[in-house]
Student: 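Structure in structure tokens, see below.
Atom set for the values below is all heavy atoms of this structure, side chains included, hydrogens, waters and symmetry mates excluded. Index from 1, following the sequence.
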Amino acid sequence: MIITNNTYQNIIDLEMDGNTYESCMFSDISIDNKVLDNVTFKSCNFSNSTFSNCGLHQVKFINCNLIGTSILECTLKNVTAEDSNGLYLNIGKSKIENTSFITSNLKEMRLIGCTEKNLEFRECHLDKMTVSDTKLQGVDLSTSEINGMIFKTSDIVGCLISPEQAVGLISNFGLIVKY
């Protein structure tokens, strides 16, 4: 079912599975203890909303406003965020599997205490992203902007970066590149 232009103040009793939501407002709400399965959100607004103890399975966020959204203690499996604005997106203590962020603004995003398997960032703005207690081994950051990234060294060991990004990351270790 396709649902358009609705505004939601809570979704406690809303059956969302299998639906597509277009241009709907979900801003400033708490979504707790809910499993969303096979749901697509197009041009929806989730600004300053919180997902807590949720399962997001086969969920797509396309051209969505995720500014200030928090995803806490959730399971993300087969999730895609594409062409979305996730400025200040906060993902904490979550399990992330087969999840892709594509051509999205994720400046100042936080990944704290997460486990990941097959996490993808493709052509995203990750400037000033904070990574802590989240291992990015094998994650390809090479097509994304990562200026000013804040991280623990152990969290970025084994991630893939471009030569240009390497020069910028070296400053995090107090080294100066002489040209």
Student: Assess whether side chain to side chain contact (heavy atoms under 4.5 Å, CB included) is satisfied between Met149 and Val131, documenting all intermediate values.
Tutor: CA-CA 8 Å; Met149 188 172 159; Val131 179; 3.9 Å; yes
Student: Rounded to the nearest 0.5 Å, how far apart are CD1 of Ile71 and CG of Leu89?
Tutor: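 One gets 5.0 Å once the value is rounded to the nearest 0.5 Å.
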Student: Taking all non-hydrogen atoms of both residues, which atom of Ser23 and which atom of Cys44 are closest, and how far apart?
Tutor: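 Scanning both residues completely, I find the closest heavy atoms to be N-SG, 3.9 Å.
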Student: Does the side chain of Leu126 reach to within under 4.5 Å of the side chain of Leu141, using non-hydrogen atoms?
Tutor: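 With C-beta onward as the side chain, the pair touches.
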Student: Evaluate the side-chain proximity of Phe101 to Met109: yes if any heavy-atom separation is below 4.5 Å, no if none is.
Tutor: yes
Student: Can you find a heavy atom in the side chain of Gln58 that is under 4.5 Å from one in the side chain of Asp37?
Tutor: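 They are in contact (side-chain heavy atoms under 4.5 Å apart), so the answer is yes.
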Student: Has Thr40 got a side-chain atom pairing as donor or acceptor with Thr20's backbone, closer than 3.5 angstrom?
Tutor: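 Not a single qualifying donor-acceptor pair exists.
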Student: For a 4.5 angstrom cut-off between non-hydrogen side-chain atoms, does Ile96 reach Thr115?
Tutor: no
Student: What verdict does the side chain to side chain contact (heavy atoms under 4.5 Å, CB included) test give for Leu169 and Ile146, after you've listed the backbone C-alpha separation in whole Å, the side-chain angles of each residue and the deciding distance to 0.1 Å?
Tutor: CA-CA 9 Å; Leu169 287 177; Ile146 61 170; 3.9 Å; yes
Student: Do the side chains of Ile156 and Val139 get nearer than 4.5 Å, heavy atoms only?
Tutor: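 With C-beta onward as the side chain, the pair stays apart.
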Student: Would you say Ile112 and Val79 are hydrophobically clustered, going by side-chain heavy atoms of ILVMFWY under 4.5 Å?
Tutor: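 No, it is not one cluster - the side chains of Ile112 and Val79 are not joined through contacts under 4.5 Å.
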Student: Do you know the tightest heavy-atom contact between Ser84 and Cys64?
Tutor: OG-N, 3.0 Å
Student: Give a yes or no on whether the backbone of Met25 and the side-chain of Ser27 come within a donor-acceptor separation of less than 3.5 Å.
Tutor: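 No; judged by distance alone, with no hydrogens or angles, the pair does not exist.
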Student: Does atom OH of Tyr88 have more than 12 heavy-atom neighbours, drawn from other residues, nucleotides or ligands, at distances under 6.0 Å?
Tutor: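 Open: at most 12 neighbouring heavy atoms sit under 6.0 Å from OH of Tyr88.
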Student: First locate atom OG of Ser47, then atom CG of Leu66, and finally report the distance between them rounded to the nearest 0.5 Å.
Tutor: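 Going from OG on Ser47 over to CG on Leu66, the span is 9.0 Å.
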Student: If you measure only the distance, is there a donor-acceptor pair under 3.5 Å linking the side chains of Asp83 and Thr103?
Tutor: yes
Student: Looking at every non-hydrogen atom in both residues, tell me the closest pair between Phe121 and Leu111 and how far apart they are.
Tutor: CZ-CD1, 4.1 Å
Student: Any non-hydrogen side-chain atom of Leu119 less than 4.5 Å from a side-chain atom of Leu136?
Tutor: yes
Student: Using the side chain to side chain contact (heavy atoms under 4.5 Å, CB included) rule, pick out the option among Thr75, Leu36, Asn38 that qualifies with His57.
Tutor: Thr75
Student: Can you tell me if Ser104 uses its side chain to pair, donor with acceptor, with the backbone of Cys124 under 3.5 Å?
Tutor: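 No, because the side chain of Ser104 does not come within donor-acceptor range (under 3.5 Å) of the backbone of Cys124.
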Student: Considering non-hydrogen atoms only, spot the tightest contact between Ile67 and Asn65 and give its length.
Tutor: N-OD1, 2.9 Å
Student: Determine, stepwise, if the pair Ser94 / Leu76 fulfils side chain to side chain contact (heavy atoms under 4.5 Å, CB included).
Tutor: CA-CA 7 Å; Ser94 294; Leu76 288 75; 4.2 Å; yes
Student: By side chain to side chain donor-acceptor pair (under 3.5 Å), which residues pair with Gln165, not counting sequence neighbours?
Tutor: Ser162
Student: Write down the atom of Ala166, the atom of Ile161, and the distance for their closest heavy-atom approach.
Tutor: CA-CD1, 3.7 Å
Student: Backbone N or O of Asn147 within a donor-acceptor pair of the Asp127 side chain at under 3.5 Å?
Tutor: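 Here the side-chain-to-backbone pair exists.
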Student: Before you tell me yes or no, could you show the steps for Val39 and Tyr21 under side chain to side chain contact (heavy atoms under 4.5 Å, CB included), namely the whole-Å CA-CA distance, both residues' side-chain angles and the distance that decides it to 0.1 Å?
Tutor: CA-CA 8 Å; Val39 181; Tyr21 294 84; 3.9 Å; yes
Student: Taking atom types as modelled, find out whether Asn98 and Asn118 have a side-chain donor-acceptor pair closer than 3.5 angstrom.
Tutor: yes
Student: Are any non-hydrogen side-chain atoms of Lys34 and Met16 less than 4.5 angstrom apart?
Tutor: yes
Student: Measure from the side-chain N and O atoms of Thr69 to the backbone N and O of Phe46, and report whether any donor-acceptor pair falls under 3.5 Å.
Tutor: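 Judged by distance alone, yes, a pair lies under 3.5 Å.
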Student: Restricting to pairs with a member in residues 131-154, which pass salt bridge (Lys or Arg N to Asp or Glu O under 4.0 Å), not counting sequence neighbours?
Tutor: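 Sorted pair list: Asp133-Lys152, Lys135-Asp155.
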Student: Please check if any side-chain donor atom of Asn105 sits under 3.5 Å from a side-chain acceptor atom of Asn85, or the reverse.
Tutor: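 Checked: Asn105/Asn85 side chains pair up, N/O donor to acceptor below 3.5 Å.
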Student: Over 60° means perpendicular and under 30° means parallel, so tell me whether Tyr8 and Phe26 are parallel, tilted or perpendicular.
Tutor: parallel
